[in-house]
Asks: 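Structure incoming, see below.
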Protein chains: 2
Amino acid sequence: MRTFIAAADAGQFQEAAADLSVTQQAVSKRIATLERDLGVRLFTRTARGVQLTIDGQAFLPHARGLLRAEERAAASVRPGRRALRVDVISRRVAPAALLRDFHRAHPDTELDVVTLFDADAAFAAVQSGMIDVSFRAVTVPASQLPDGVRTARVLDEPHQLLTGPRHELAAAHAVTLAQLVGHRIWIPGIAPGTEWATYYDDLAAAFGLTIDAIGPNFGTDHLLDVLADSSTLASLIGQQTRFLWPDYYDLRRVPLHDPTPVYPHSLIWHHENPHPVLATFRDHFRSRSTGLERPDAGTWSPKWASRQATP
Amino acid sequence: MRTFIAAADAGQFQEAAADLSVTQQAVSKRIATLERDLGVRLFTRTARGVQLTIDGQAFLPHARGLLRAEERAAASVRPGRRALRVDVISRRVAPAALLRDFHRAHPDTELDVVTLFDADAAFAAVQSGMIDVSFRAVTVPASQLPDGVRTARVLDEPHQLLTGPRHELAAAHAVTLAQLVGHRIWIPGIAPGTEWATYYDDLAAAFGLTIDAIGPNFGTDHLLDVLADSSTLASLIGQQTRFLWPDYYDLRRVPLHDPTPVYPHSLIWHHENPHPVLATFRDHFRSRSTGLERPDAGTWSPKWASRQATP
DNA sequence: GCGAGCCACAACCGCACGTTGTGCGAATAG
DNA sequence: CTATTCGCACAACGTGCGGTTGTGGCTCGC
């Protein structure tokens, strides 16, 4: 690719070869094999050099794009001045949507999204600088956080009931938490000890629900498959969580109220982290999260959630 | 890259090696050299396979992007179902802006923009299917077009005078063509025999202007440099043509009137071209170009331009 | 018509990359 | 606690890819 671009820029193989510190014959060979692999002629050879064919012209910007992509890939792991590295608990839940929102507002900033095993790993990674910011629920009080780590509540995500069409509550316009008592709720794929498991454990304990928050995870497809067929099993899903399922599954989202359980997402960062984008990032979410410290009357969140301040 | 992605997906080198039809040792070596080149560890080795590090997680989407870019690059020259290939007379003038407009309206369609030597080459390329559509001024009547080739006028681009700050006409709010008589107009970088040269020749002949449409082309920078310093030399520039020049050049755009010379851009395509995007493309510009067949009273365009129909 | 400039083909060669063979550590079963 | 399995890393080795040198042919300009 580099050879192709150099030759296209120079208009001749000799000069390109000099730029690349190889012989003209090597450039000729490289272009020949590239043309053979692609199955088209990229240059027309003339007596005074070479000229791009139409195919070559069409190919050139893609070749440049490839080198840019390579550069970005290398930059993503380069220590110092890499893209802002963000940890989210899952790529499907609300924080991922917030990230897309941020990206729309700041299209020039580069983000790398990763997912760590649990909150402890996230705290350690934030403190060490391996990641710059994390979206998590924070279950421990500020006094027990690692040194220099700050948190701020940025989003309360209401939960809804997710059922198949034959479920008893499928047709309800809204359901209270009390109505869920006795129904089996299944939320697989959540590792024990994570803040997700804590949240659902606390929710189940507070209202006497039956929530299987942990258990074998055969993938989202399997969960949806079982829900679609079951008349007794339901699941909980964040209001902004995007699952894609086929229409014929006919799954239903039923709002919860009295109270509505909300999941408290916080921003986690190190206050000495010098990354230039971090301040922009925090400002962006600070402007979108006011009043979260005062619990809404109609909602429920765990006790540990109310100990977190907003930015 | 492929090896890295395969290993990340499989979670172990053995299986990745099987997928790639190489030995486990080869995969191990490839990953090791990739890690050495990048200077970071991408996997943590465990007794039951490997797991991505944070750096590995951040790197993974970039690696996938690199392969997608490679795929797009190869597709750009693959005969059959490649991106719509569009020829423009220059990447700086109005059609390029129209293309960006189309791309905004249809973000999913892929475009490859190329620039052919002259209109004859464009006609031949359109007829042979090497390119799908061309933006050009058409100087020949429809009866003399190659078989199956259709044209449609889509944009009239008004021209302006471009001068340096010390030029006699620099401070004028507007200038008539009659006022330009006797002034030297210099438009380098236009090959003789092209439709551009024809246009400026006709313009000069119609109003008795002095236009050097051809001549040595030392690049845009040189033209701007000369204009900025000269009190006698000016150039013509399309109203929508985007040149970037430093502020201290202090160049002026002076509108022309009585009449305003407009450059007639046409769409050129082959009516049997089966490319799926071509219809969308023509529809897009058809809706944006009404009434061009009736010449505006205050404008001038060459005689051959009025022979072209709108889509 | 001749030299200059540039690309393609041929022959040669070194090293990078894949192979086979082996060792080691961790997890699992008995 | 030991035996076995599983998966990765290191070492030695050979082949082929990709570089080099050498040369010929084509076109353009003086």
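These numbers come from a predicted model, not from an experiment. Throughout, protein chains are lettered first and strands after them, A, B, ... in sequence-line order, and every chain is numbered starting at 1.
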Asks: Does the side chain of A:F59 reach to within under 4.5 Å of the side chain of A:V40, using non-hydrogen atoms?
Replies: no
Asks: Do A:I185 and A:T210 come close enough that some side-chain heavy atom pair is under 4.5 Å?
Replies: no
Asks: So, OP1 or OP2 of C:dG18: does either fall under 4.0 Å of a side-chain N or O from B:R30?
Replies: yes
Asks: Does the side chain of B:V50 come within less than 4.5 Å of B:I31's, by heavy atoms?
Replies: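 Heavy-atom side-chain distance check fails, nothing below 4.5 Å.
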Asks: If I take atom CG from residue B:D55 and atom CE from residue A:M130, how far apart are they, to the nearest 0.5 angstrom?
Replies: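 Nearest 0.5 Å value for the CG-CE distance: 4.5 Å.
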Asks: When the distance from CD of A:E35 to P of C:dC9 is rounded to whole Å, what number comes out?
Replies: 11 Å
Asks: Just wondering, do A:L236 and A:I211 contact through their side chains at under 4.5 Å, heavy atoms?
Replies: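 Yes; the side chains approach each other to less than 4.5 Å.
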Asks: In residues 11-25 of chain B, which ones come under 4.0 Å of DNA chain C, going by heavy atoms?
Replies: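 B:V22, B:T23, B:Q25 - these, ordered by number, are the residues of the stretch whose heavy atoms sit under 4.0 Å from the strand.
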Asks: Hey, can you tell me if A:F43 and A:F4 have their rings parallel, tilted or perpendicular (30° and 60° cut-offs)?
Replies: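 Plane angle between 30° and 60°, so tilted.
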Asks: Among residues two or more places apart or on two chains, list those pairs meeting salt bridge (Lys or Arg N to Asp or Glu O under 4.0 Å) that have a residue in residues 58-73 of chain A.
Replies: A:R2-A:E70, A:D9-A:R64, A:E71-A:R78
Asks: Distance check needed: C:dC7 C1' versus A:L42 CG, whole Å only.
Replies: 16 Å
Asks: Which residues in residues 50-59 of chain B have a heavy atom closer than 4.0 Å to any atom of DNA chain C?
Replies: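 The stretch gives none, as no residue of it lies under 4.0 Å from the strand.
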Asks: In terms of the nearest nucleotide of DNA chain D, which residue is placed more toward the 5' end: A:R48 or A:K29?
Replies: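 Its nearest nucleotide being more 5', the pick is A:K29.
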Asks: First and last nucleotide of DNA chain D touching chain A, 5' to 3', heavy-atom cut-off 4.0 Å?
Replies: D:dG19 to D:dC28
Asks: Taking only residues two or more places apart in sequence or in another chain, which ones pass side-chain contact (heavy atoms from CB on, under 4.5 Å) with A:S134?
Replies: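 Once residues adjacent in sequence are excluded, the partners of A:S134 under the side-chain contact (heavy atoms from CB on, under 4.5 Å) criterion are A:D87, A:A122, A:V126, A:I131, A:R136, A:I268.
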Asks: Does the side chain to side chain contact (heavy atoms under 4.5 Å, CB included) test come out yes or no for B:S90 and B:W196, once each step is laid out?
Replies: CA-CA 11 Å; B:S90 156; B:W196 256 4; 3.8 Å; yes
Asks: Tell me, please, which residues at least two apart from A:V22 pass side-chain contact (heavy atoms from CB on, under 4.5 Å).
Replies: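 A:V22 satisfies side-chain contact (heavy atoms from CB on, under 4.5 Å) with A:A17, A:L20, A:A26, A:V27, A:R30 only.
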